[in-house]
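Since the structure comes first, as C-alpha cells, the remarks are kept for the end.
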Amino acid sequence: MQSLLRYLSEIFGNAFQQAGMDSSYGDVVISARADLGQFQCNGALAAAKAARQNPRAVAESVLANVSPREIFADLSLAGPGFINITLTDQFVAKRLRAAAADARLGCEATPHPEAIVVDYGGANVAKSMHIGHLRSAIIGESIKRILRFTGHNVLGDVHLGDWGLQMGMLITELRRHQPDLPYFNPEFSGPYPEESPVTIEDLEQLYPAASARAKSDTEAMEQSRQATAELQAGRPGYLALWLHFVGVSIAVLRRDYGSLGVTFDLWLGESDAQPQIPTMVQQLRAAGFAELSEGAEVIQLPPASEDEREIPPLILVKSDGGAMYGTTDLATIQLRVEELYADRILYVVDARQSLHFEQVFRAARRTGIAGHAKLEHLTFGTMNGTDGRPFKTRAGGTMKLHDLVELIQTEAIQKMEEAKIGAEYPDQEREEIVRMVGVGSLKYADLSNHRTSDYVFDPEKFVRFEGKTGAYLLYAAVRMKSILRKAADQGFAPGEILPPTDAERELALLLTRLPDEVEYAADRRAPNYLCEYAYNLAQAFSRFYDRCHILREENVALRGSWLALVKLCLDQLTTTLELLGMEVPERM
RNA sequence: GCGCCCGUAGCUCAGCAGGAUAGAGCAACAGCCUUCUAAGCUGUGGGUCACUGGUUCGAAUCCAGUCGGGCGCGCCA
C-alpha cells in the first residue's frame, strides 16, 4: 500500500501537472495548523514564484484539478496560497482497515533493496564496555533494524578492535608479569595450552597498566611496537596468546551486548582484514596510488571537485612497515565489497572520527576499492556529564556499561515496589519486566536525541519513569495489551474499524502515518523521528483511553471498532519500539 | 593556524531538503482515581530561536560575518 503522504502528494502532483506545472510542487505534508486542516500543500507558493504568477490564482487552478475529490471532507485555500486538506472519516477508516489487514501494517518494502553492512558497536578486545560504547551500539542496532524493516538485506558487524598496537601492549605487559608462560618462549614448539592464561578481569587490569606504561616509558612503547610487529608477522606464541585475548573478550562482549538487546550477524574485527592487506598494498603500489612521504607510504587525497576540501593523505604503510587503521579500514571495505557484495556500508561511529572516515572513503573511491558501494559515516555526538564535560562517575572514572544497566534496573525495581505493582508476579517474569523497562528507558533516552547532537548523560534523569520516557511507552503498550486480553476474556472481538468520531480522530489520523515515519527515519538514518512518533502514538492512545471506556461501551459495532483501533495501535507501537530496539512486556 | 560540529523556555532536548500562531518532557502552580494499570489524563504560566547583516512574498531553518562552547588535524585506534 502506498503511504498516505505519497498518495496525497501524487494527487496534488497530478493537479499541478494538469495546471501546467511540475508535479514536484504537489508535496503534501502534515499540517502545521491542525485547526485549519489535517494536511497541507504549500507548492502553489513556490510554483507561483517560479512562474511569476499570483500564488492564490495558482492554488485555485490546482484545486480545480484535484481528483479524486470524494476522499476530501474539506479542501480550502488560505493565506497567500496554502491549500488546507481534511480527509473524510470514511477514507481514514478505509486506510486503517487496509493497514490492519496488512502484515507490514501498510509499510511497503523498498523496490530497490540493497546489501548493506552496518558497522557499529566497535568494542575493543581486553577493554570492558563502558558508557562510551553505548551510543554506537544503541543507534547502530536501531538503524540496522529500520533498514532491514524497509526491505534491505542488512548485516550488522561488530567490527571488533582486536588488532594493532594495543595488542602488542597487552602482550608485553603480560610478559612482564608472567615471563615463564610458553607463549613467550621462542623455542617452544607447541602445542600451546587450550586454557586461557588470563581472565577478562586480568585483561581489564593489564590494559590500563600497559597503556599508561607505554605512554610514560619510551622503552616500554618500543617493546610494544616490537611485539605488535611480531604478532603481525605471525609469531606462533603471540598468535596463540592473542587468540585467547580475543576469545575471553568476546564471551563478555556477547553478554554485555546481549543485555542491551544488541545482536550482530558478524563478529568480525580488524584482524580479519589483515590477510588482505599485503596484496591490497601491492595492488595500490602497482596502480601508482602509493607515494613515499617522510619514510611512510601514503595515498594523496587532493580535492577532485569544488565541493571537496583539502585533507591530509592517508597513511598506507608506516615507516616501520606496519599497517595503520586506515589501511585496515580500506582492506575491510575491499572484503565487504568482494565477499559480502555490499552495495552500501554504514559506519556508526563517533563524530570525532570524521576526518579519518573522509580520508578512508576518499581513498576507497579514488582507488576503486569501494567499487560501486556507497560509504556513509553516520556520526553521533559525545555523551557529556551534567557539567558539560565528557561523562565521568562521581569517582572520576568511566562508568562500566554493566554497572549502568544494573543501576537503571535497580531503579525500575524500586518504582515497581513504590507503585505496588508486580508483587504477585513470578520472580522470573518480574526480572524480565525490570530488564525490559530498564534497558528500554536507557535506549529511549539516548535515541530520542538526534544522533548527531552531543547530549548530557544524566543517570538520575534517565532513571525517571514519568513523562517522555521509554517506560511511558511500554506502559501505554501494556495497557493496550491488557484491554485486548480483558476483551477476549469477555468474548469481545475487534471488529471493523468505523469512521472516527471526535473522540478517536486524533489517534486514527496518527495511525495512518507509520509508513511515512519509518521512511523518514530510514532516509535520514535517524531513529529519533521514530521516538517522537512512538511518543505521539502513546499519548494519543492515553487520551483516547481516558476519554472512552472501551470495555464498558455497549454499542457492539463501536466497541468492536475501538478494539480494532487499539489492536492496530498496539501493533504499530510494538513495531516502532522494535525498530528502536525495545521489547514490550505482557504486563508491568 | 586550518577544518568540522553546536548555541531554541529555568533545566534537558525536538523542530532545520524555507511556509501560517516555534513544540515536548522535566521543574512550578491548579485540577482528575467506588470505572479497562494514576509509570496516567486535563489546565495555567514561561522563548528578542546567541548577535549582526543578506537572499526571499515568507528565515529557528539558506548564505556571510561576529561572539561563545565542543571536537579534530601523517606514522595510536
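In what follows, chains carry the letters A, B, and so on, assigned in the order in which the sequence lines appear, proteins first and then strands, with residues in each chain numbered from 1.
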Name the orientation of the base relative to the sugar in B/rC41: syn if the glycosidic angle is within 90° of 0, else anti.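 B/rC41: anti.
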
Taking the chi torsion of B/rG74, is it syn (within 90° of 0) or anti (everything else)?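 The base of B/rG74 is oriented syn (glycosidic angle within 90° of 0).
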
Pairing pattern in dot-bracket form [Watson-Crick, G-U; both distances under 3.5 Å; | = partner strand] for RNA chain B: (((((((..((((.....[...)))).(((((.......))))).....(((((..]....))))))))))))....

Side-chain H-bond candidate by donor/acceptor type, [X] with [Y], under 3.5 Å:
{"X": "A/Asp458", "Y": "A/Thr386", "value": "no"}
{"X": "A/Gln226", "Y": "A/Glu230", "value": "yes"}
{"X": "A/Thr382", "Y": "A/Asn384", "value": "no"}
{"X": "A/Thr379", "Y": "A/Thr452", "value": "no"}

Which whole-number value in Å describes the distance from A/Gln40 CD to B/rG58 C1'?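 Atom CD in A/Gln40 sits about 13 Å away from atom C1' in B/rG58.
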
Tell me the interatomic distance from A/Leu170, atom CG, to B/rC76, atom P, rounded to whole angstroms.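 For the pair A/Leu170 CG and B/rC76 P, the rounded distance is 17 Å.
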
If we only count heavy atoms from C-beta on, is the A/Asp27 to A/Phe12 side-chain gap below 4.5 Å?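 They are not in contact (no side-chain heavy atoms under 4.5 Å apart), so the answer is no.
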
A/Leu570 versus A/Val584: any side-chain heavy-atom pair under 4.5 Å?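 No; the side chains remain at least 4.5 Å from each other.
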
What pairs of nitrogen or oxygen atoms, one from the protein and one from nucleotides 15-17 of chain B, lie under 3.5 Å apart?
{"unit_1": "B/rG15", "atom_1": "OP1", "unit_2": "A/Asn528", "atom_2": "ND2", "d": "3.2"}
{"unit_1": "B/rG15", "atom_1": "OP1", "unit_2": "A/Tyr529", "atom_2": "OH", "d": "3.2"}
{"unit_1": "B/rC16", "atom_1": "OP1", "unit_2": "A/Tyr520", "atom_2": "OH", "d": "3.3"}
{"unit_1": "B/rC16", "atom_1": "OP2", "unit_2": "A/Tyr529", "atom_2": "OH", "d": "3.3"}
{"unit_1": "B/rA17", "atom_1": "N7", "unit_2": "A/Arg524", "atom_2": "NH2", "d": "3.2"}
{"unit_1": "B/rA17", "atom_1": "N6", "unit_2": "A/Arg524", "atom_2": "NH2", "d": "2.5"}

Mind checking if [X] touches a base, just sugar-phosphate, or nothing, with heavy atoms under 4.0 Å?
{"X": "A/Ala78", "answer": "base"}
{"X": "A/Leu355", "answer": "sugar-phosphate"}
{"X": "A/Ile311", "answer": "nothing"}
{"X": "A/Glu310", "answer": "nothing"}
{"X": "A/Glu418", "answer": "nothing"}

Search all heavy atoms of [X] against all heavy atoms of [Y] and return the closest pair with its distance.
{"X": "A/Ala476", "Y": "A/Phe541", "result": "O-CE2, 3.8 Å"}
{"X": "A/Asn528", "Y": "A/Ser448", "result": "CB-O, 3.6 Å"}
{"X": "A/Phe380", "Y": "A/Val349", "result": "CE2-C, 3.4 Å"}

Is A/Arg479 positioned over the aromatic face of A/Tyr545, cation under 6.0 angstrom from the ring centre and no more than 45 degrees off axis?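 A/Arg479 over A/Tyr545 ring: yes.
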
Less than 6.0 Å separating the ring centroids of A/Tyr444 and A/Tyr535?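 Ring centres of A/Tyr535 and A/Tyr444 not closer than 6.0 Å.
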
Check nucleotides 1-11 of chain B for protein N or O atoms closer than 3.5 Å to its own N or O atoms and list the pairs.
{"unit_1": "B/rG3", "atom_1": "O2'", "unit_2": "A/Arg309", "atom_2": "NH1", "d": "2.1"}

Check the pair A/Trp163 / A/Gln274 against side-chain hydrogen bond (donor to acceptor under 3.5 Å, both in side chains), numbers first and verdict last. CA-CA 9 Å; A/Trp163 204 245; A/Gln274 299 312 310; 3.2 Å; yes

Can you tell me if the side-chain N/O atoms of A/Lys318 get under 4.0 Å from OP1 or OP2 in B/rC76?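 For A/Lys318, the contact criterion (side-chain N or O under 4.0 Å from OP1 or OP2 of B/rC76) is met.
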
Under the criteria of a ring-centre distance below 5.5 Å and an interplanar angle below 30°, is A/His549 stacked with the base of B/rC36?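 Ring-base stacking flag set for A/His549 and B/rC36.
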
Expected string for nucleotides 37-47 of chain B under the B/S/- scheme (protein heavy atoms, under 4.0 Å, primed atoms plus P, OP1, OP2 as sugar-phosphate) is BSBSSS-----

If we take the C1' atom in both B/rA30 and B/rG69, what is their distance in whole Å?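 Each nucleotide's C1' atom is 39 Å from the other's.
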
Residue list, salt bridge (Lys or Arg N to Asp or Glu O under 4.0 Å) with A/Arg524, at least two apart or on another chain: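 Residues passing salt bridge (Lys or Arg N to Asp or Glu O under 4.0 Å) with A/Arg524: none at all.
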
Ion pair present between A/Arg505 and A/Asp502, side-chain N to carboxylate O less than 4.0 angstrom?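 Here A/Arg505 pairs with A/Asp502 in a salt bridge, since their nearest N and O are under 4.0 Å apart.
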
Between the side chains of A/Glu358 and A/Arg362, is the shortest nitrogen-to-carboxylate-oxygen separation below 4.0 Å, so that they form an ion pair?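 A salt bridge links A/Arg362 with A/Glu358.
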
Could you pull out the protein-nucleic contacts involving nucleotides 54-57 of chain B (nitrogen or oxygen on both sides, under 3.5 Å)?
{"unit_1": "B/rU56", "atom_1": "O2'", "unit_2": "A/Lys49", "atom_2": "NZ", "d": "3.3"}

Checking A/Ser142 side chain against A/Ile138 main chain: does a donor-acceptor pair fall under 3.5 Å?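 No, A/Ser142 side chain to A/Ile138 backbone: no donor-acceptor pair under 3.5 Å.
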
